[in-house]
Amino acid sequence: MSEPVAMPVAGTAEAAPAGPVVEAHELTRRYGEGDTAVDALRGVSLEVARGQLTAVMGPSGSGKSTLMNILGCLDVPSSGRYWFAGQDVSRLSETELARVRNRRIGFVFQQFQLLPKLSAWRNVELPLLYRNVRNRRELALQALEQVGLSNRIDHRPSQLSGGQQQRVAIARALVTDPDLILADEPTGNLDTASSRDVLAVLRELNEQGRTIIVITHDPEVAPVAARTVHMRDGQLIDEVAA
């Protein structure tokens, strides 16, 4: 892996506040009403310190995806409060949430979510298009170098392995210099060797100071994290520190 490269976005970076990146108190999320209502989250409280790598584990239906959506400002809680990097985002409008997502959170998804007709660097630059950043190519190339793909910048997704595609997705998450990288089942579509490569990238980024939350059901992911919290039936049931 190449030497780490600083990733500021000139003229757009926001100063990182002190304190935890994630501070959630008694979050609930109810879908539906009356007898058909489903409580996906039931009083979840979670704090994630800046620079921490945390794994959130649980089986299907445990509430981890709902929690991820709220932590990633893709959804809002039915009740409870959520502070993201010092800002109370639990009552923001959709427009305000979209601004937080684009500027302060980097997403990595199981399905990669790469545009097939674009090269690796063009996929990585996409979040910067909404921010009117002039040096998009430079920043995209720096991000690809950080994930070990400086020799694949002009390759389209179909020309890359699954592990390489996921590393492009990580570079895309990294390019905005976010407060948080939120990875949803990042190894779910990968073979064992590719999974190890992707987890090594995430661990290296964390060692450089990145705050990362990994949502997973895979027990092989947990050892990479300094801290693992387990969910079941919409609640956090225990926590393990490495």
Side-chain angles (χ1 to χ4, degrees), residues 7-17 19-32 40-41 44 46-48 50 54 56 63-118 121-137 139-140 142-143 157 166 168-186 202 205 210-215:
M7 295 291 299
V9 179
T12 63
E14 300 179 28
V21 174
V22 166
E23 191 174 0
H25 292 285
E26 294 295 322
L27 297 181
T28 70
R29 186 64 173 98
R30 171 168 286 193
Y31 297 101
L41 291 184
V44 171
L46 178 68
E47 187 172 299
V48 177
R50 190 166 298 277
T54 300
V56 178
K64 64 183 187 298
S65 293
T66 302
L67 178 62
M68 182 205 73
N69 288 339
I70 292 175
L71 298 183
C73 296
L74 295 164
D75 195 6
V76 294
S78 299
S79 65
R81 302 290 291 275
Y82 174 34
W83 287 266
F84 175 76
Q87 180 181 12
D88 186 353
V89 297
S90 51
R91 302 294 183 267
L92 294 184
S93 69
E94 180 53 42
T95 299
E96 292 167 327
L97 288 173
R99 180 180 174 86
V100 172
R101 289 194 300 268
N102 178 254
R103 290 180 175 269
R104 309 185 72 180
I105 303 174
F107 293 93
V108 180
F109 298 103
Q110 179 177 346
Q111 302 292 342
F112 317 140
Q113 305 292 352
L114 302 178
L115 296 184
K117 294 184 178 181
L118 297 185
W121 82 264
R122 287 289 189 186
N123 268 285
V124 172
E125 75 159 351
L126 286 174
L128 302 176
L129 292 175
Y130 302 99
R131 302 175 64 171
N132 197 29
V133 177
R134 293 183 178 180
N135 58 334
R136 295 192 300 271
R137 178 180 168 86
L139 292 169
Q142 288 178 3
Q166 192 61 292
V168 171
I170 293 172
R172 182 184 57 198
L174 184 65
V175 75
T176 59
D177 192 27
D179 291 285
L180 172 67
I181 294 176
L182 188 55
D184 180 22
E185 300 284 2
L202 292 175
L205 291 174
R210 295 286 172 184
T211 308
I212 303 172
I213 298 177
V214 179
I215 309 295

query: Does CZ in Arg134 sit with more than 12 non-hydrogen atoms of other residues, nucleotides or ligands closer than 6.0 Å?
result: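 No, because the 6.0 Å sphere around CZ of Arg134 holds 12 heavy atoms or fewer from other groups.
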Contact summary for [X] and [Y], nearest pair of heavy atoms:
X      : Y      : answer
Ile70  : Pro77  : CD1-CA, 3.9 Å
Tyr31  : Ala40  : CE1-CB, 3.6 Å
Gly80  : Leu27  : C-CD2, 4.1 Å
Pro186 : Leu202 : CG-CD1, 4.3 Å
Ala143 : Ala171 : CB-O, 3.6 Å
Ala140 : Trp121 : CB-O, 3.6 Å

Pairwise distance [atom1]([X]) to [atom2]([Y]) - rounded to 0.5 angstrom:
X      : Y      : atom1 : atom2 : result
Ile212 : Ile181 : CD1   : CD1   : 5.0 Å
Leu126 : Gln113 : CG    : CD    : 12.0 Å
Leu67  : Leu41  : CG    : CG    : 5.5 Å
Arg99  : Arg104 : CZ    : CZ    : 9.5 Å
Arg101 : Leu182 : CZ    : CG    : 12.0 Å
Ser65  : Leu74  : OG    : CG    : 11.0 Å

task: Check step by step if side-chain contact (heavy atoms from CB on, under 4.5 Å) holds for Arg81 and Asp88.
output: CA-CA 7 Å; Arg81 302 290 291 275; Asp88 186 353; 2.3 Å; yes
message: Quick check against the 3.5 Å criterion: does Arg136 have a side-chain atom that pairs as donor or acceptor with the backbone of Glu125?
response: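 Flag not set: sc Arg136 to bb Glu125 has no pair under 3.5 Å.
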field: Polar side-chain atom of Gln110 near backbone of Ala183 as donor-acceptor pair, under 3.5 Å
entry: no
Please examine the side chains of [Y] and [X], heavy atoms only from C-beta on, and report whether any two atoms are closer than 4.5 Å.
X      : Y      : value
Arg29  : Asn69  : no
Leu114 : Gln166 : no
Met68  : Glu185 : no
Leu92  : Gln87  : yes

- prompt: Do Val168 and Phe112 pass the side-chain contact (heavy atoms from CB on, under 4.5 Å) test, and can you show the C-alpha distance, the side-chain angles, and the key distance before you say yes or no?
  reply: CA-CA 8 Å; Val168 171; Phe112 317 140; over 6 Å; no
message: Evaluate Asp179 against Arg50 for side-chain contact (heavy atoms from CB on, under 4.5 Å), listing each step before the verdict.
response: CA-CA 8 Å; Asp179 291 285; Arg50 190 166 298 277; 3.4 Å; yes
- prompt: Hey, mind stepping through Phe84 and Leu71 against side-chain contact (heavy atoms from CB on, under 4.5 Å) and telling me if it holds?
  reply: CA-CA 8 Å; Phe84 175 76; Leu71 298 183; over 6 Å; no
Residues in side-chain contact (heavy atoms from CB on, under 4.5 Å) contact with [X], at least two apart in sequence or another chain:
X      : value
Arg30  : Ala37, Asp39, Ser78
Pro127 : Asn102, Arg172, Val175, Thr176
Ser93  : Thr95, Glu96

